[in-house]
A.B. asks: 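Can you read through this structure? Questions will come right after.
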Amino acid sequence: MKKYIHEDIEKKWQERWHESAIYQLDSKGANNPYFNLMMFPYPSAEGLHVGNMYAFTGSDIWGRYMRMQGYDVFEPIGLDGFGIHSENYAIKIGEHIRDVSKRTEKHFYEQLMMTGNQYDWTRRVETYNPNYYKWTQWLFVQMYRHGLAYRKKATVNWCPSCKTVLSDEQVEGGKCERCKSETTTKDMEQWFWRITDYADRLLKNLEWINWSEEVKIGQKNWIGKSVGINITYKVQDSEETVTCFTSYPETNFGATFVVLAPEYPEVLKITKKNHLNEVNKYIEKAKKKADIERIAEGKKKTGVFTGSYCLNQLTGYKMPIYVTDFVLGHVGTGAVVGVPGHDLRDFQFAKQFDLEVIRVMKTYDGDESVIDKEEKVNHDGIMMNSEFLDDLDHKEAREKIMDYIEKKGWGKKTVNYKLRDWCISRQRYWGPPIPMIHCQKCGWVPVPEKDLPVLLPDIEKFEDVLPDGSGLGPLAKQKDFVETTCPKCKGKAERETDVSDPFVDSCWYFLRYPSTEFDYVPFDKKRTEKWLPVDMYIGGKEHTVLHLLYSRFVTMALNDWGFINFEEPFERFFGHGLLIKEGAKMSKSKGNVINPDEYIQKYGADAVRLYLMFLGDFEQGGDWRDTGMRGMHRFVKKVWSLFKDIGEEGKGVKNMSIVHRTIFGVEKDIKRLSYNTAIAKIMSFVNWYKESAKDFTANERTEALETLCLVMAPFAPHITEELWEKLGNKYSIHQHGWPKYNKDLIKEEEVTIAVQINGKLRDTILVQAGASQREIEKVARESEKVKKYLKQKVKKVIFVKDKIISFVV
RNA sequence: GCCGAGAUGGCGGAACUGGUAGACGCGUCGGACUUAAAAUCCGAUGGGGUUUAUCCCCCGUGUGGGUUCGACUCCCACUCUCGGCACCA
């Protein structure tokens with residue numbers, strides 16, 4: 001038998017798979033469609049990251065296993081190439097993104113090809129391709145037509161030194177990630193998608209979708225539903241009112257002040273004349289700070305008095321109104337009623353400005369002393385000083401007071417969400433232009449469908465694609481692009497020059513995959529109904545909120561508009577863990593980044609795939625060690641060497657039940673994506689084979705080796721294909737069914753029973769499986785080791801079938 | 001601060017619904033093959049004690065308590081690590 005040369009074998013089969021098109025979506029047949037999706041990568045130009053390969057291998061194993069279970073598995077791949085990540089890289093190396101991205105596309109696909117995943121290479125999707133982003137723009141127009149896309153002034157991060165808008169991710173601790181200067185905020189008109197309309201549904205559906213609890217909780221917290229009440233207070237000597245949202249109104253007998261956000265629209269109207277100066281100054285200062293900076297200041301509260309008061313209807317307390325930046329304009333109503341005894345921030349503010357603290361809840365331990373330090377501020381307890389609420393538990397009191405306030409007409413029960421509408425405008429170059437036209441007469445008009453796509457102009461000069469600090473994107477300088485005619489009145493008009501957020505590109509890509517050959521619709525109706533929703537989606541947990549939530553939102557909207565017949569895009573989502581190297585996070589600065597190419601060249605894709613899946617639990621992540629990689633290479637060579645004696649006759653063995661136990665065990669592990677233990681079972685099987693094969697008949701050899709190929713096929717697709725052929729089987733192992741095990745044979749005939757005395761292991765005995773307590777007790781009592789301990793009277797005997805017998809003395 | 005995940009030999013990690021802790025692999029040590037090395041193969045390998053030896057005993061899953069015949073697994077309190085969010089009223 002030849003030596004194992006992975007380069008030849010892997011190349012050979014990759015070409016064969018390609019020619020025979022066994023992984024292509026069957027657009028006519030396919031009785032059991034199964035959409036196995038992995039998160040498409042954003043190509044970083046430095047090439048495929050081993051983290052990508054880790055995720056994709058785990059997903060591919062699942063897809064290959066499902067194919068062997070008889071499903072028509074569709075496993076597509078594409079590139080999330082539009083966006084700031086790619087653009088920043090191009091800027092860094094001083095090259096035009098258009099050129100960089102052409103190069104990375106080729107590089108990425110070549111690398112992905114080498115990993116041996118069962119992709120349908122005919123259905124690739126690249127977000128920067130006009131035939132794709134045409135439909136991203138179409139989605140925007142749909143959003144606009146259905147009232148879910150709108151424009152509003154928003155506060156964005158701004159770096160005064162780089163003169164550009166920054167995304168939240170680019171601001172680290174209040175500083176610009178590139179030049180380290182302090183960032184400020186700027187109010188700019190932006191396009192938004194009304195995801196908050198779907199907040200409740202996004203939350204509700206979490207109850208039934210098959211996702212891990214961890215990810216569901218992540219989404220739930222992000223949506224951040226809080227139930228409470230909006231209470232409206234009259235401002236004294238004024239026509240104005242202030243409405244405050246609170247989720248713990250039961251403490252309102254202890255309310256002693258009201259605080260407004262600097263962004264609060266009526267701040268100046270509420271402020272008394274002689275306080276205007278100071279209030280204005282404070283607001284100006286606050287505006288210059290980013291949210292992050294406000295937070296960084298920590299517990300020290302600042303603020304300024306407006307000179308006005310409002311009345312607490314419950315107590316008649318005259319509450320002074322302050323402006324402070326710890327109240328955020330976009331949260332709740334932008335106004336908060338201060339209860340210093342039972343909210344830490346309110347307490348800190350009250351101390352700063354010497355406001356009264358009134359205790360209205362004692363602790364469950366009965367402490368009702370004066371609240372004079374932070375540690376004593378309590379959020380729950382039994383009501384006191386609250387008239388008709390006294391002695392009620394605070395939760396009970398909450399219901400009662402809300403009804404009371406509503407009945408009195410002072411307020412209205414409200415639900416508040418942390419989730420904010422999705423700002424999709426980006427003042428950048430490398431994205432799909434937002435397909436809107438502004439006309440002096442007609443206002444904003446969407447680009448008609450027949451005129452899509454609005455092509456991203458191919459700007460020749462590299463310098464012209466850089467953000468320039470005008471607050472407008474690079475497209476604003478392209479006259480030919482900006483100047484257009486209004487689709488409505490045919491008059492002169494201007495195009496929107498912002499592009500959309502890269503998350504818009506990725507929020508619907510899975511819908512495109514099965515329909516890539518259609519150029520007149522984003523997704524064909526029949527095709528979509530057949531293949532979607534996605535059956536299994538595997539990807540990183542870091543996308544728990546943004547990407548997954550946006551995709552769910554868009555799917556719901558498309559469902560509402562009648563384009564698709566389902567409202568959840570991913571029937572099942574599985575979040576894998578993080579891959580690290582020798583205890584440390586991989587990073588370029590540390591120089592410990594693993595380049596998968598090198599390892600594939602050295603050890604072969606099969607060995608790398610196996611090792612990636614073996615080094616830890618797929619859900620938890622794992623720690624890459626080069627020595628471990630070498631060990632796996634050794635294992636693959638060992639497997640290869642087993643096939644040298646095919647056809648040799650031995651005297652035969654009685655018991656091949658381990659074959660069945662292996663099938664059973666590996667299957668069970670794959671089903672729960674516990675790939676590392678599945679591989680361990682395959683290794684044990686190989687060890688057993690090496691020890692026992694000398695006695696096998698030719699048939700027994702074949703049975704064992706075929707089984708080995710089949711259970712290993714999802715993990716190591718090339719070598720198993722080669723060995724499968726060597727055994728004389730027909731192409732392809734990947735179209736063969738998963739092996740069946742015999743239920744009777746997986747049962748052990750003999751079992752080892754642990755014998756315990758007072759819970760301590762004293763002996764083990766080998767008995768027939770299923771032996772009764774009486775039989776086992778008899779054998780156990782005869783054991784010398786046990787006898788020693790059974791001199792005292794046995795009080796109790798505990799027996800677990802096939803497991804344990806325990807004597808209590 | 002809040003939410004989530006985790007802590008097991010020299011190392012990566014196993015242990016399904018409480019039932020023989022350390023599967024599988026790495027590393028190390030010893031041996032075989034070889035002029036030699038690499039590669040390969042065989043054996044040993046949690047710590048401690050005891051024994052000529054087989055045996056046997058004790059201690060061991062981050063810390064402290066609890067429940068149980070029996071706890072890595074369940075309960076309470078705490079420490080540390082990683083990931084996410086962060087003044088959400």
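The chains referred to below are lettered A, B, ... by the order of the sequence lines, with proteins before strands, and numbering in each begins at 1. No hydrogens, no waters, no symmetry mates; every other heavy atom, side chains included, goes into these values.
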A.B. asks: It should be established whether A:Lys541 places a side-chain nitrogen or oxygen under 4.0 Å from OP1 or OP2 of nucleotide B:A5.
C.D. replies: no

A.B. asks: What is the nucleic acid contact for A:Trp624, judged by heavy atoms within less than 4.0 Å: base, sugar-phosphate only, or nothing?
C.D. replies: nothing

A.B. asks: Between B:A23 and B:A14, how many Å separate the two P atoms, rounded to a whole number?
C.D. replies: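 Between the two P atoms, the distance is 13 Å.
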
A.B. asks: I want to check a possible cation-pi pair here: A:Lys301 against A:Phe326, using under 6.0 Å from ring centre and within 45° of the ring axis as the test.
C.D. replies: yes

A.B. asks: Looking at A:Glu748 and A:Arg661, is any side-chain nitrogen of the basic one under 4.0 Å from a carboxylate oxygen of the acidic one?
C.D. replies: yes

A.B. asks: Is it the case that the side chains of A:Thr315 and A:Asn312 hold a donor-acceptor pair, with the cut-off being a distance below 3.5 Å and no angle test?
C.D. replies: yes

A.B. asks: Mind checking if A:Phe614 touches a base, just sugar-phosphate, or nothing, with heavy atoms under 4.0 Å?
C.D. replies: base

A.B. asks: NA contact type, A:Gln620, heavy-atom cut-off 4.0 Å: base, sugar-phosphate, or nothing?
C.D. replies: sugar-phosphate

A.B. asks: Give a yes/no on whether any side-chain N or O of A:Arg762 is located under 4.0 angstrom from OP1 or OP2 of B:C55.
C.D. replies: no

A.B. asks: Verify the contact: side-chain N or O of A:Asn676 to OP1 or OP2 of B:G12, cut-off strictly under 4.0 Å; return yes or no.
C.D. replies: no

A.B. asks: With nearest nucleotide decided by heavy atoms, which residue, A:Phe807 or A:Arg630, maps closer to the 5′ end of RNA chain B?
C.D. replies: A:Arg630

A.B. asks: Closest approach to the side chain of A:Lys637, judged atom by atom: which nucleotide of B:C26, B:A39, B:C41 is it?
C.D. replies: B:A39

A.B. asks: Here's a test for you: under side chain to side chain contact (heavy atoms under 4.5 Å, CB included), which of A:Arg609, A:His49, A:Met613 qualifies with A:Tyr54?
C.D. replies: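 That would be A:Met613.
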
A.B. asks: Rounded at 0.5 Å granularity, tell me how far NZ in A:Lys681 sits from CG in A:Asn676.
C.D. replies: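 It is 9.5 Å, given to the nearest 0.5 Å.
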
A.B. asks: Look at the side-chain N and O atoms of A:Ser226 and state whether any lies under 4.0 Å from the OP1 or OP2 oxygen of B:A89.
C.D. replies: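 Looking at the OP1 and OP2 atoms of B:A89, one of them is under 4.0 Å from a side-chain N or O of A:Ser226.
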
A.B. asks: State whether A:Glu399 and A:Lys395 are salt-bridged, where the test is any N-O pair (Lys NZ or Arg NE/NH1/NH2 against Asp/Glu carboxylate O) under 4.0 Å.
C.D. replies: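 Answer for the salt bridge query: no.
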
A.B. asks: Can you tell me how far P of B:A5 sits from CG of A:Asn221, to the nearest Å?
C.D. replies: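 Rounded to the whole Å, the gap is 11 Å.
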
A.B. asks: Nearest to the side chain of A:Ile804, heavy atoms from C-beta on, is which of B:C24, B:C56, B:G19?
C.D. replies: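 The nucleotide sitting nearest to the side chain is B:G19.
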
A.B. asks: If you check every side-chain atom of A:Asp325, which of B:A89, B:C87, B:A5 has the closest atom?
C.D. replies: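 Comparing B:A89, B:C87, B:A5 against the side chain of A:Asp325, the answer is B:C87.
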
A.B. asks: Looking only at side-chain atoms of A:Lys760, point me to the closest of B:C57, B:G12, B:C58.
C.D. replies: B:C58

A.B. asks: At under 4.0 Å between heavy atoms, what does A:Thr752 touch on the DNA or RNA strands: base, sugar-phosphate, or nothing?
C.D. replies: base

A.B. asks: In whole Å, what separates the C1' atom of B:G10 from that of B:C29?
C.D. replies: 13 Å

A.B. asks: Any strand counts, and the cut-off is 3.5 Å on both contacts for Watson-Crick or G-U wobble. Which nucleotide pairs with B:A32?
C.D. replies: B:U40

A.B. asks: For B:U45, give its Watson-Crick or G-U wobble partner with both distances under 3.5 Å, or none.
C.D. replies: B:G27

A.B. asks: Should A:Asn687 be listed as having a side-chain N or O under 4.0 Å from OP1 or OP2 of B:G25?
C.D. replies: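 Answer is yes, contact under 4.0 Å.
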
A.B. asks: Rounding to an integer number of angstrom, what distance separates B:G6 and B:A89 when you compare their P atoms?
C.D. replies: 27 Å

A.B. asks: For B:A15, which nucleotide is its Watson-Crick or G-U wobble mate, given both distances must be under 3.5 Å?
C.D. replies: none

A.B. asks: For A:Ile580 and for A:Tyr248, find the nucleotide of RNA chain B with the closest heavy atom, then tell me which residue's nucleotide is more 5'.
C.D. replies: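 Looking at the nearest nucleotide for each, A:Ile580 comes out on the 5' side.
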
A.B. asks: Give the nucleotide from the list B:C24, B:C41, B:C88 with an atom nearest to the side chain of A:Lys638.
C.D. replies: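 Closest nucleotide to the A:Lys638 side chain: B:C41.
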
A.B. asks: Using a 4.0 Å heavy-atom cut-off across all strands, classify A:Asp617 as base, sugar-phosphate, or nothing.
C.D. replies: sugar-phosphate

A.B. asks: Please report the distance separating the P of B:U73 from the corresponding atom of B:U8, rounded so that it comes out in whole Å.
C.D. replies: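 Taking atom P in both B:U73 and B:U8, they lie 14 Å apart.
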
A.B. asks: If you look at every strand shown and take non-hydrogen atoms under 4.0 Å, does A:Lys225 touch a base, only sugar-phosphate, or nothing?
C.D. replies: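 A:Lys225: no heavy atom of the nucleic acid under 4.0 Å.
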
A.B. asks: Check the chi torsion on B:G18 and let me know: syn if it falls within 90° of 0, anti if not.
C.D. replies: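 Anti conformation here, the glycosidic angle of B:G18 being more than 90° from 0.
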
A.B. asks: Taking C-beta and beyond as the side chain, do A:Val304 and A:Thr324 meet within less than 4.5 Å on heavy atoms?
C.D. replies: no

A.B. asks: Taking N and O atoms by type only, does the side chain of A:Lys668 place a donor or acceptor under 3.5 Å from a partner on the base of B:C16?
C.D. replies: yes

A.B. asks: What integer distance in Å separates A:Lys220:NZ from B:C88:C1'?
C.D. replies: 16 Å

A.B. asks: Scan every strand shown for a Watson-Crick or G-U wobble partner of B:G62, both distances under 3.5 Å, and answer none if you come up empty.
C.D. replies: B:C78

A.B. asks: What's the closest nucleotide to the side chain of A:Leu761 if the choices are B:C69, B:U20, B:G19?
C.D. replies: B:U20

A.B. asks: Rounding to the closest angstrom, what is the interatomic distance between B:U61 and B:A7 at atom C1'?
C.D. replies: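 Comparing C1' positions in B:U61 and B:A7 gives a spacing of 9 Å.
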
A.B. asks: Touch check for A:Glu214, heavy atoms < 4.0 angstrom, all strands: base, sugar-phosphate only, or nothing?
C.D. replies: sugar-phosphate

A.B. asks: Among the nucleotides B:C69, B:C85, B:C24, which one has an atom lying closest to any side-chain atom of A:Ser806?
C.D. replies: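 The answer is B:C69.
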
A.B. asks: With a 4.0 Å cutoff (strictly under), does any side-chain N or O of A:Arg634 reach OP1 or OP2 of B:A38?
C.D. replies: no

A.B. asks: What interatomic distance, in whole Å, is found between C1' of B:U81 and the corresponding atom of B:C76?
C.D. replies: 22 Å

A.B. asks: For B:C85, give its Watson-Crick or G-U wobble partner with both distances under 3.5 Å, or none.
C.D. replies: B:G1

A.B. asks: Distance check needed: B:C41 P versus A:Lys644 NZ, whole Å only.
C.D. replies: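 Atom NZ in A:Lys644 sits about 9 Å away from atom P in B:C41.
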
A.B. asks: Expressed as a whole number of angstroms, how long is the span from A:Ile217:CD1 to B:C2:P?
C.D. replies: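 Taking CD1 of A:Ile217 and P of B:C2, I get 16 Å after rounding.
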
A.B. asks: Is the phosphate of B:C85 approached by A:Lys418 (side-chain N or O, under 4.0 Å from OP1 or OP2)?
C.D. replies: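 No, A:Lys418 has no side-chain N/O under 4.0 Å of OP1/OP2 on B:C85.
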
A.B. asks: Can you tell me if A:Lys413 has over 12 outside heavy atoms packed within less than 6.0 Å of its NZ?
C.D. replies: yes

A.B. asks: Is there a Watson-Crick or G-U wobble partner for B:U68 with both distances under 3.5 Å, and if so, which one is it?
C.D. replies: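 No nucleotide pairs with B:U68.
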
A.B. asks: Look through every strand shown and name the nucleotide pairing with B:U52 as Watson-Crick or G-U wobble, where both distances are under 3.5 Å.
C.D. replies: none

A.B. asks: Please state whether the phosphate of B:C57, meaning OP1 or OP2, lies under 4.0 angstrom from any side-chain nitrogen or oxygen of A:Tyr789.
C.D. replies: yes

A.B. asks: Report the nucleotide, chosen from B:A89, B:C69, B:U20, that has the shortest atom-to-atom distance to any side-chain atom of A:Lys796.
C.D. replies: B:C69

A.B. asks: Of all the choices, B:G19, B:G25, B:G83, which nucleotide is nearest to the side chain of A:Ile798 once you look at every atom?
C.D. replies: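 The answer is B:G19.
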
A.B. asks: So which nucleotide from B:C24, B:C88, B:G83 ends up closest to the side chain of A:His330?
C.D. replies: B:C88

A.B. asks: Establish, for the pair A:Arg630 and A:Trp624, whether the NZ or CZ atom is under 6.0 angstrom from the six-membered ring centre and no further than 45 degrees off its axis.
C.D. replies: no

A.B. asks: Students often get this wrong, so: under 4.0 angstrom with heavy atoms, is A:Asp343 touching a base, only sugar-phosphate, or nothing?
C.D. replies: nothing

A.B. asks: Nearest whole Å is fine: how far is B:C26 P from A:His633 NE2?
C.D. replies: 13 Å

A.B. asks: Heavy-atom count around A:Lys787 NZ within 6.0 Å, excluding the residue itself: above 12?
C.D. replies: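 Yes, because the 6.0 Å sphere around NZ of A:Lys787 holds more than 12 heavy atoms from other groups.
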
A.B. asks: Any side-chain N or O of A:Ser247 under 4.0 Å from OP1/OP2 of B:A89?
C.D. replies: yes

A.B. asks: Between B:C82 and B:G13, how far is it from one P atom to the other, in whole Å?
C.D. replies: 15 Å

A.B. asks: For B:G27 and A:Arg625 - does any side-chain N or O of the residue sit under 4.0 Å from the phosphate oxygens OP1/OP2?
C.D. replies: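 For B:G27, neither OP1 nor OP2 has a side-chain N or O of A:Arg625 closer than 4.0 Å.
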
A.B. asks: Quick one: label A:Gly224 by what it contacts on the DNA or RNA (base, sugar-phosphate, nothing), any heavy atom closer than 4.0 Å.
C.D. replies: nothing

A.B. asks: How far does the P atom of B:G49 sit from the matching atom of B:A38, given to the nearest Å?
C.D. replies: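 Approximately 34 Å lies between the P atom of B:G49 and that of B:A38.
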
